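Notes follow the structure.
This chain uses plain numbering: 1 for the first residue, then up along the sequence. As a basis for the values below, the full set of heavy atoms in this structure was taken, side chains included, without hydrogen atoms, waters or symmetry mates. Worth saying up front: this structure is predicted, and the values here are computed from it rather than measured.
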Amino acid sequence: ELGQKGHADVIQMEADLADRQYDLTNTYNMYQDQKMTLADLMFWPVDEDLNIDTSMPVWQIEPVATESVVDFALEHNPGLGSSEAAARASEEGRKSARGALFPKLGTTYSYYKQARTTSVREASNPPSMGTYTWTVEVSQILFDGFNNLGTYQKQALQAESDRASIRSSELDTTNSVQETFIDYLCSLENVASEKEAVSRLKDQKRITGAMHDAGLKPKLDVLQADVDLGNAEQQLITYENTRDTLRAKLNTLLGIPATSPVRYAGGLSVTRFRLSLDTCLDTAYKMRPDLYVSYKAVEMAIKDRLIARSGYYPTVEAYYNVSKTGNTPDLERGGTHSSRSTTWEVGAKLTWDVFQWGTTYFADQQAGWLVSKMRKQVREVILNIGYDVKEKFLALREAEKRIDVAKRSLVSARESYEAALGQYKAQMGTNFDVLDASSKLLTAQSSLTSARGDYLKALSELYLAMGEYHPDLL
C-alpha cells in the first residue's frame with residue numbers, strides 16, 4: 001500500500017509540475033501579446049541594413065500606427081492612380097471647352113498661278129509669277145444656341161464628379177485596407193489561441209500518459225488526448241496559412257509585392273460608437289460622394305439637353321480679317337502684270353439649319369428622357385444610402401452585444417477548464433471533461449476575437465456608408 005501511495009504522490013507531483021508549466025506558458029503568451037515596440041506599431045520591410053530605434057516611448061507613436069498603413073495604401077495603391085488620372089483628364093477637358101468661349105485667331109498663306117487664253121484684246125492677263133496671299137482673321141461666336149456654354153458647363157460638372165470619384169475610391173481603399181488589416185489581426189489572435197490550446201493538449205496528453213503508465217487511467221484517455229492534439233495542430237496549420245494569405249493580400253492593397261516580407265502589428269482595440277442612427281443618416285446624405293456624383297449626373301444631363309436644343313437656334317459669328325497679296329513669297333510685286341494689295345474686312349454672318357427632318361427635335365426628346373432617368377436614379381441612391389447606413393449600424397450594435405457576451409463566456413470557460421483540470425488531477429473527473437473544457441475555452445477565445453473583428457469591420461463599413469474618412473480606426 002505504501003508503494004502504491006508513493007507512486008500516486010509522484011503522479012500528483014508531475015501533474016502539479018505540468019500545471020505550473022501551463023501557467024508559465026500562459027504568462028509568456030500574455031507578455032508577447034502586450035509587448036509593443038516601434039517595430040510592432042509601424043510596418044517595415046525586412047532589411048538587414050534597417051536600424052530601428054526602439055528606445056522611444058510607445059505613447060509617442062501609438063496614435064499614428066494605423067494611419068500610416070492607410071496613408072501608405074492611398075499613396076501607393078495603383079487603383080487610386082487611375083481615378084486621379086480620370087479626374088485630371090476631365091479638368092483638361094474643362095479647360096479645352098472653356099477655350100471655345102473666346103475669340104479665335106487664325107491665319108492662312110496660299111499661292112496660285114493662272115494662265116488665260118482669250119480673244120478679247122482689252123482683257124487683263126493674270127500675273128506671270130502667280131499670286132501669293134496671306135490672311136489673318138479674328139472671329140468670335142456671338143450666339144450659337146448656348147452650345148459652347150452648355151458644353152463647357154457639362155465639362156466643369158464632369159470634372160467635379162471625377163474629383164468626387166477620387167474621394168469615393170479613397171474611402172473604398174481605406175475600408176478594404178482596414179478590413180484586411182482587421183482580418184489579419186484576427187488571424188494573429190486565432191494563431192495565438194490555437195497555440196495555447198496545443199500547449200494545453202500537450203500537457204494533458206503527458207499527464208494522461210503518466211497516469212496510464214501508473215495504471216490509474218485507461219489507454220482510451222491517452223488515445224483521446226492524442227486525437228484532440230492532432231486536430232488542434234491541424235487547425236493551427238490552417239490558421240497560420242490564413243494569416244500568411246491575409247498578409248499577402250494586405251501587401252497587395254498597399255502596392256507592395258505579395259512576396260515581400262513585411263511586418264505588421266497592432267491590436268483589436270474596441271472603442272464604443274456614440275453616434276445615433278439619425279446622426280449617421282444626416283452625415284451620409286451630406287458626405288456620400290456617390291450621392292454627389294448622382295446630383296452632378298442630373299446636372300450634366302440637363303446640360304446635354306441644352307446642347308441638343310441649340311440646334312433650334314441660328315449661329316451668329318462676328319469676324320475681322322486682313323488679307324495681303326503679292327507676286328513674290330514676301331508679298332511684293334514681281335514679273336509682268338504684277339500687283340500688290342492689302343484688304344481688310346469686318347462683318348458678321350448668321351447660319352441657321354431651318355429643317356433637318358426632326359434631327360434636333362428627337363435629340364431634344366432623347367435628352368429629356370435621360371434627365372428623367374438621372375433624377376430617378378438619384379432617388380434610388382438616396383434610398384440605398386438609408387438602407388446601407390441602417391444595415392451597418394445594426395451590424396455594429398449586434399457585434400457590440402456579442403463582445404459583452406463573449407467576454408463573460410470566456411471567463412466562465414477558463415474557470416470551467418481550470419476546474420475540470422483540477423478534478424482530473426485529483427482523480428475526481430474524466431479526461432473527456434478536460435478535453436471538452438479545453439475545446440470550449442478555445443471556442444470562447446475564438447468567439448471573442450470574431451466579435452471584436454466583426455465590430456471593427458462593421459465600424460469601418462459604417463464610416464464608409466456615412467462617407468467619412470477615418471484612417472485611425474484602430
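- Shortest non-hydrogen contact noted between Y292 and A164 is CD2-CB, 3.4 Å.
- With a 6.0 Å radius and a threshold of 12 heavy atoms from other residues, nucleotides or ligands, F143 has its CZ atom above the threshold.
- Side-chain atoms of S96 never come within 3.5 Å of backbone atoms of E92 as a donor-acceptor pair (strictly under, hydrogens ignored).
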| task | Test L435 against Q204 for side chain to side chain contact (heavy atoms under 4.5 Å, CB included), laying out the working first. | result | CA-CA 8 Å; L435 297 179; Q204 180 63 19; 4.1 Å; yes
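- Taking the charged nitrogens against the carboxylate oxygens, D282 and K286 have no contact shorter than 4.0 Å, which rules out a salt bridge.
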| Audit row: L281, F393, side chain to side chain contact (heavy atoms under 4.5 Å, CB included) steps and yes/no | CA-CA 10 Å; L281 288 171; F393 185 85; over 6 Å; no
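- D436 and K440 are joined by a salt bridge, as a carboxylate oxygen and a charged side-chain nitrogen come within less than 4.0 angstrom of each other.
- The closest side-chain heavy-atom distance from R247 to Y264 is below 4.5 Å.
- Within 6.0 Å of atom CZ in F432, 12 or fewer heavy atoms from other residues, nucleotides or ligands are found, so the atom counts as exposed in its surroundings.
- The shortest heavy-atom contact between L275 and R397 is O-NH2, 3.6 Å.
- Counting only N and O atoms by type, the side chains of E194 and N190 include no donor and acceptor under 3.5 Å apart.
- Minimum interatomic distance between S260 and N251 (heavy atoms only, all atoms of both residues): O-ND2, 2.9 Å.
- Atoms CG and CG, on L306 and L149 in that order, are 7.0 Å from each other to the nearest 0.5 Å.
- Using a distance-only test at 3.5 Å, with no hydrogens or angles considered, no donor-acceptor pair links the side chain of Y455 to the main chain of R402.
- The number of heavy-atom neighbours closer than 6.0 Å to NZ of K392, taken from other residues, nucleotides and ligands shown, is above 12.
- Ring geometry for H470 versus Y463: interplanar angle under 30°, hence parallel rather than tilted (30 to 60°).
- Annotation: the span from E189 atom CD to L268 atom CG amounts to 5.0 Å, rounded to 0.5 Å.
- Nearest heavy-atom pair across C280 and L462 is SG-CD2, 4.4 Å.
- Between the side chain of S90 and the main chain of A86, a donor-acceptor pair closer than 3.5 Å is present.
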| task | List the steps and the verdict of salt bridge (charged side-chain N to carboxylate O under 4.0 Å, His left out) for D404 and K407. | result | CA-CA 5 Å; D404 296 335; K407 286 180 179 179; 5.2 Å; no
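- Checked by atom type and distance alone, the side chain of S310 pairs as donor or acceptor with a backbone atom of I307 at under 3.5 Å.
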| Residue pair E418, R414: steps toward the salt bridge (charged side-chain N to carboxylate O under 4.0 Å, His left out) verdict | CA-CA 6 Å; E418 293 174 354; R414 191 173 296 279; 5.5 Å; no
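- Inspection of the T430 and D433 side chains reveals an N or O donor paired with an N or O acceptor under 3.5 Å.
- Contact annotation: the side chain of E160 approaches that of R163 to within less than 4.5 Å [non-hydrogen atoms, C-beta and beyond].
- A cation-pi arrangement is present between R200 and Y417 under the rule of less than 6.0 angstrom and at most 45 degrees off the ring axis.
- Residues S450 and S447 bring no donor and acceptor atom of their side chains to less than 3.5 Å of each other.
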| side chain to side chain contact (heavy atoms under 4.5 Å, CB included) between K401 and V405, worked out | CA-CA 6 Å; K401 295 175 182 177; V405 175; 5.6 Å; no
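- Here the closest non-hydrogen pair linking E84 and I166 is CA-CD1, 3.7 Å.
- In this structure, R94 pairs ionically with E91, as a charged nitrogen and a carboxylate oxygen lie closer than 4.0 Å.
- Pairing each heavy atom of D226 with each of K205, the nearest pair is OD1-NZ, 2.8 Å.
- At a threshold of 4.5 Å between non-hydrogen side-chain atoms, the residues S460 and L464 do not count as touching.
- The line from NZ of K202 to CG of D228 is 14.5 Å long, rounded to the nearest 0.5 Å.
- Side-chain contact between D454 and L396 is absent, with no heavy atoms from C-beta onward closer than 4.5 Å.
- Ionic pairing of R288 and D388 is present here: one or more N-O contacts between side-chain nitrogen and carboxylate oxygen are shorter than 4.0 angstrom.
- Rounded to the nearest 0.5 angstrom, L442 CG and L201 CG are separated by 8.5 Å.
- Counting only distance, with no hydrogens or angles, the side chain of W352 and the backbone of Y312 share a donor-acceptor pair below 3.5 Å.
- One finds the CG atom of D144 at 12.0 Å from the OH atom of Y313 (value rounded to the nearest 0.5 Å).
- Side-chain N or O atoms of N384 include one that pairs as donor or acceptor with a backbone N or O of E380 at under 3.5 Å.
- Under a 3.5 Å cut-off, the side chain of T359 and the backbone N or O of Q356 do form a donor-acceptor pair.
- A salt bridge between K457 and E461 is absent, with no side-chain N of the basic residue lying under 4.0 Å from a carboxylate O of the acidic one.
- The number of heavy atoms from other shown groups lying within 6.0 Å of OH (Y387) does not exceed 12.
- Using a 4.5 Å cut-off on side-chain heavy atoms (C-beta onward), Q140 and E317 make no contact.
- Judged by distance alone, with hydrogens and angles left aside, the side-chain atoms of T180 form a donor-acceptor pair with the main-chain N or O of S176 at under 3.5 Å.
- Atom CG of L236 sits about 11.0 Å away from atom CD of Q234, to the nearest 0.5 Å.
- Atom CZ of F146 is surrounded by 12 or fewer heavy atoms from other residues, nucleotides or ligands within 6.0 Å.
- T449 contributes a side-chain N or O that, together with a main-chain N or O of Q445, makes up a donor-acceptor pair within less than 3.5 Å.
- A donor-acceptor pair under 3.5 Å is formed between the side chain of S165 and the backbone N or O of S161.
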